[in-house]
Amino acid sequence: MTITSERYNSRQAEPKWQKAWEDAGVFIARDNTTEPKYFVLEMFPYPSGRIHMGHVRNYTMGDVIARYKRAKGFNVLHPMGWDAFGMPAENAAMENNVQPKGWTYENIATMRSQLKSMGLSIDWSREFATCDVEYYGKQQEIFLDFLDLGLVERRKSVVNWDPVDNTVLANEQVIDGKGWRSGAPVEQRELSQWFLKISDYSQELLDALDNLPGWPEKVRTMQRNWIGRSEGLQFSFDLEDENGKLIDDKLTVFTTRPDTIFGASFCAVAAEHPLSIKASENSQEIADFRKECAALGTSEEAIETAEKKGKFLGIYARHPFDSKKRVPVYAANFVLMGYGEGAVFGCPAHDQRDLDFANKYGLEVTPVVAPINDLEIKITDKAFIDNNGENTVMINSSFLNGMTISQAKEEVAKRFEQQQTGERKINYRLRDWGISRQRYWGCPIPIVHCDNCGLVPEKRSSLPVVLPDEADFDQPGNPLDRNQEWKKTSCPKCGKTAERETDTFDTFIDSSWYYARFCSPKSDKPVVADSANYWLPVDQYIGGIEHAILHLLYSRFFCRGLKKANYLDIKEPFANLFTQGMVTHMTFKGKNAGWVLPELAIKTGDKWSHKETGEPLEAGAIIKMSKSKKNVVDPEHIIDEYGADTARWYMLSDSPPDRDIEWTAAGAEGAWKFTQKLWRIIYLISKLETSNKIGIPDNFSDKASQLRKSCHKTLKSVGQDIEALRFNRSIARIHEFTNELTDMLKTNNNSAGDHFALKESATILCHIIAPMMPHLAEECWAQLGNDELISLQAWPTADESLLKENTVTMAVQINGKRRAEITVPKTMDKSDIEKVALELDNVSRNLDGLNVRKIIVVPGRIVNIVAN
RNA sequence: GCCCCUGUGGCGGAAUUGGUAGACGCGCUGGAUUCAAAAUCCAGUUCUUUCGGGAGUGGGAGUUCGAUUCUCCCCGGGGGCACCA
């Protein structure tokens, strides 16, 4: 084949079509209609400076769906915004002597134009940044609503303090004892903080996970674990002193294993437990121990290396069912004040941690659960743990002896309930969400501190509380706290001079309701019910798995809060969630150069070297692109060199979208070659005689019929694959079809039938590549002589009559091994198929000397001859 | 420690309800075209073989006429949770 076509020039074509789309307003979502809607949302970006390949992958996937759904007739909402508050802006301000506001908006401008160069089908008229006063002012209103509804509380509490970022962190933001952003070991401090009462919704958030079939099971499991429901029993011990005299205090504990009560050999309470505090008043030793525990913190090293330690408090707990028995009460460093009652009873025989503790302090170890075949079980340094209770029986346990674990649990609960000293209880790991942050670049909390009236919510008519444009970062700490002019205000209640709250909201609040704001981004009200109820829930949400807990759980909670405040009437914000994989790249390292950018590494044979210095480089692990390892490829360079469509195509090819994808120069080259190939095919077809444009010819050659069948099959399966988010498969189908099409172009006989089949194929090819390579699709569509934008065209319907096959090819097996294949009419009945199969040369030869015992015919699939 | 996911050619990965394993792409090999190169096109590409076949989806067993797919055990890789009582 001689190539006479011009090459496709993405640098000219892409900006041209982007402008055409904008001029025609193709991507504007329509409000106030009854059309079927589709809301596609990708997690909005933090404006860090420039887009990276992860953004390209994420937004390409969403865009494919948005464009496809538009073509399928949906009123599509596909918006973009900026998660613009947060620490990096303050860090940049400190390092480069700029203001967070200017830095942020400049980054937004850069990234907006980069995203636009990708040709995303976004309704830019709805764009906002969370640092826009029009946005965060509305957020303050929602906070006051939540306050009115009792969803907010101010509490003095021990909080996670990040000593590097100088701020409080929520539990969800502490990862392995370190700040999620700074990585610094988190300390414990006591502060007055605002909390959102997410724990009121623990059960509701847990239950509703069952009604989210469109979410990955993995994410639902992670949320279930995080909420951490556990069923058990809460009961109180009577306490006595050394001499056996009953004292006033009681000790309340929570346990999931009440069945092991007769194995109890000690009780342990947290260092901050009232009993510890009380004991420390009379004992320097205990006071020192408490200090030691407080200093330990929750850092990873501390948790992993800390020995199980305790101090006897000088008091004993009376066994609830055995008046002769009492157990010592310890303060212990492994008991958490924040969970349950901050106190446990220890049963060493059946809990490894309790056993370690008991062995250290020489406490009694009594097994109370035994395998039915080993009733004489001995426990030394390994606890016997059987959670499901199969083949085990209670021993050494008075009235529980002989019972199963679950019978024993039930019996103990009943007895406590009868004595009214205990009750069944459900505990959750999920704590309330601390939302105060001692930072400047965030949404101000609309509260005033008045000496007379205490804490007073700002008047709604005085909202928004506007963040000062500039802040001074000369000293550590919160610049707002030092801004006397901004701080000074009058009390909304009594009018006297008062001070503003200088904490700002956790930025996760900003992203907890942005999806609702996109439904009515310009409204005076935070959320307009009619718009929200029309557009929500988000039909397809796409983002990284790293937000499986934090952002997604907070958003689910916020949605419930918004509902309670009558802003909307939907149950869950995101009907379908997709977590996309990361973009990875090989790393390069040189002895002198350190980490080296991929563009500076050149390959000779199988060795790598530095492009400029010639230094040999070591090709290392293939890991997520990161600035620190320098294994990054700048999307702008790729778009400049190959065009956005090529970058988009590569991101969708090969790897399933939920898995990681490796970026390679060769892969990008391959995607670029394919864009050129597509263009050549369309170009050549466009140059064919057009006299047969009217009507379907009566006769088709076999090849033309075959091509038409493939064409319609491809159309159908590409649509199905896009709907199932299996982009790699739809791309494979398109490759297959273009291979057939190329073949046909070479052998076509210039008949009306062949030309018709080719033109039909070219037309449908434009449609099916349009969601993925929209610019090329427009260019091809125009090349075929169409005046309108393909972005405005409906997705074509596959011709069912062409999808039907009259014949079918079936494999013929002998004893499960494939020996031949037959092509028979689809309607042929079983016995005829058997006959045909048995007559095959290869079959009769292989059956020589064997007895045919059975023939299995699955019409349309397989013939299996069983013989021996 | 507990829970979840995953394992298929040199590589990324295909394979409705169990029904022709390796689609499609990358890479590689050979060829055509070219003064040459790029680009493009064609052929081949799981392993093995005495060219009849044989083996083969991490390993082992099981169910079945038939297993990448279902069940059990083991091994490797990834992730989540974790002094949570």
Side-chain angles (χ1 to χ4, degrees), chain A residues 1-3 7 176 216-226 228-230 232-234 253-258 260 267-268 270 298 302-304 306-308 332-336 338-347 351-354 356-357 383 385 387 427-430 545 548-549 622 650 653-656 658-662 664 666-671 673-674 676-677 680 720 726 728-739 742 746 809-822 845-846 853-867:
Chain A
M1 182 169 66
T2 333
I3 304 300
R7 292 173 79 74
D176 289 338
E217 189 51 47
K218 185 179 178 169
V219 175
R220 290 193 279 169
T221 305
M222 283 165 73
Q223 292 213 352
R224 274 189 202 106
N225 289 341
W226 188 262
R229 177 191 154 106
S230 75
L233 193 71
Q234 182 175 302
V253 299
F254 174 74
T255 179
T256 55
R257 293 294 303 273
T260 63
C267 283
T298 54
I303 287 171
E304 276 181 11
E307 224 183 319
K308 314 275 169 283
N333 62 356
F334 60 84
V335 182
L336 305 174
Y339 186 78
E341 298 299 311
V344 297
F345 78 78
C347 175
D351 182 296
Q352 192 58 47
R353 190 198 51 208
D354 291 348
D356 294 345
F357 189 82
I385 294 154
N387 291 319
N427 262 320
Y428 300 90
R429 221 177 66 105
L430 183 66
I545 187 88
I549 296 170
I622 298 159
Y650 184 19
S653 307
D654 290 349
S655 286
D658 52 343
R659 277 194 226 171
D660 291 352
I661 189 168
E662 187 193 352
T664 61
E669 191 77 18
K673 282 180 190 169
F674 188 68
Q676 293 297 343
K677 182 179 177 181
R680 257 194 321 275
Q720 286 171 340
R726 299 166 66 150
N728 55 323
R729 262 180 41 144
S730 55
I731 280 180
R733 295 287 92 83
I734 291 170
H735 271 290
E736 259 175 340
F737 179 55
T738 51
N739 288 343
T742 318
K746 276 180 293 187
T809 302
M810 297 165 66
V812 181
Q813 299 180 332
I814 296 172
N815 292 331
K817 290 204 169 63
R818 180 177 173 275
R819 295 296 174 188
E821 68 178 37
I822 49 172
R845 195 177 53 227
N846 277 287
R853 299 177 59 88
K854 198 171 166 189
I855 301 179
I856 290 141
V857 179
V858 184
R861 295 208 184 272
I862 206 152
V863 181
N864 191 13
I865 302 162
V866 186

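Residue numbers start from 1 in every chain, and the chains themselves are labelled A, B, ... in the order their sequence lines are given, proteins ahead of strands.
Residues that satisfy the side chain to side chain donor-acceptor pair (under 3.5 Å) test with A:Glu821, not counting sequence neighbours, are A:Arg818. Residues satisfying the side chain to side chain donor-acceptor pair (under 3.5 Å) test with A:Arg726, not counting sequence neighbours, are none. For A:Glu217, the salt bridge (Lys or Arg N to Asp or Glu O under 4.0 Å) partners at least two apart in sequence or on another chain are A:Arg220, A:Arg224. Applying the side chain to side chain contact (heavy atoms under 4.5 Å, CB included) criterion to A:Thr255, with sequence neighbours excluded, gives A:Leu233, A:Phe235, A:Arg257, A:Pro258, A:Phe345. Taking A:Asp658 as the reference, nothing meets the side chain to side chain donor-acceptor pair (under 3.5 Å) condition, with sequence neighbours excluded. With sequence neighbours excluded, the residues satisfying side chain to side chain contact (heavy atoms under 4.5 Å, CB included) with A:Arg229 are A:Gln203, A:Leu206, A:Glu231, A:Ile426, A:Tyr428. Contacts of A:Arg429 classified as salt bridge (Lys or Arg N to Asp or Glu O under 4.0 Å), with partners at least two apart in sequence or in another chain: none. Legend: residues meeting side chain to side chain contact (heavy atoms under 4.5 Å, CB included) with A:Arg853, ordered by chain and number and at least two apart, are A:Asn868. Scanning for side chain to side chain contact (heavy atoms under 4.5 Å, CB included) contacts around A:Asp660 gives A:Met582, A:Thr584, with sequence neighbours left out.
With distances taken from any side-chain atom of A:Lys746 to the nucleotides B:C42, B:C84, B:G79, the minimum falls on B:C42. Each of B:A14, B:C81, B:C83 was ranked by its minimum atom distance to the side chain of A:Arg726; first place goes to B:A14. The side chain of A:Ala732 approaches B:A23 more closely than any other nucleotide in the set B:A14, B:A23, B:A85. Comparing B:A82, B:U20, B:A85 against the side chain of A:Tyr339 picks out B:A85 as the nearest. The nucleotide whose nearest atom lies closest to any side-chain atom of A:Ile862 is, among B:G19, B:A21, B:G79, B:G19.
To the nearest angstrom, C1' of B:A85 lies 12 Å from CG of A:Leu233. For the pair A:Phe357 CZ and B:C83 P, the computed distance is 17 Å after rounding to whole Å. Residue A:Asp660 contributes atom CG, which lies 10 Å from atom P of B:G79 at whole-angstrom precision. One atom, CD1 of A:Ile545, and another, P of B:U6, lie 13 Å apart when rounded to the nearest Å. Atom-to-atom, CD1 of A:Ile731 to C1' of B:C24 comes out at 10 Å; the value is rounded to the nearest Å.
Summary of the strand contacts: A:Arg733 and A:Arg659 both lie near RNA chain B, and taking for each the nucleotide with the nearest heavy atom, the more 5' one is attributed to A:Arg659. Toward the 5' end of RNA chain B, the nearer of the two residues A:Glu821 and A:Arg729, judged by each one's closest nucleotide, is A:Arg729.
Between the C1' atoms of B:C11 and B:C28, the separation comes to 11 Å (whole Å). Only the C1' atoms considered, B:U49 is 50 Å distant from B:C2, to the nearest whole Å. Annotation: B:G60 and B:C5 have their P atoms spaced 24 Å apart (nearest Å).
Note on A:Val335: a base of the nucleic acid sits closer than 4.0 angstrom, heavy atoms only.
Taking the six-membered ring where the residue is Trp, A:His735 and A:Phe674 present tilted rings, their angle falling between 30° and 60°.
Glycosidic conformation of B:G52 is syn; the angle stays within 90° of 0.
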Would you give a per-nucleotide map of nucleotides 59-71 of chain B, 5' to 3', where B means the base has a protein non-hydrogen atom under 4.0 Å away, S means only the sugar-phosphate does, and - means neither?
-> ------BS-----
Using a cutoff of under 3.5 Å, can you pull out all pairs of nitrogen or oxygen atoms linking the protein to nucleotides 25-30 of chain B, with atom names and distances?
from: B:G25; atom 1: OP1; to: A:Asn739; atom 2: ND2; distance (Å): 3.2

Are any protein N/O atoms closer than 3.5 Å to N/O atoms in nucleotides 53-58 of chain B? If there are, list each pair with its distance.
from: B:G54; atom 1: OP1; to: A:Arg819; atom 2: NH2; distance (Å): 3.3
from: B:G54; atom 1: OP2; to: A:Arg819; atom 2: NH1; distance (Å): 3.4

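Base pairing annotation: B:G1 forms a Watson-Crick or G-U wobble pair with B:C81, both donor-acceptor distances under 3.5 Å.
Defined by atom type and a distance below 3.5 Å, a donor-acceptor pair is present between the side-chain atoms of A:Lys677 and A:Asn739.
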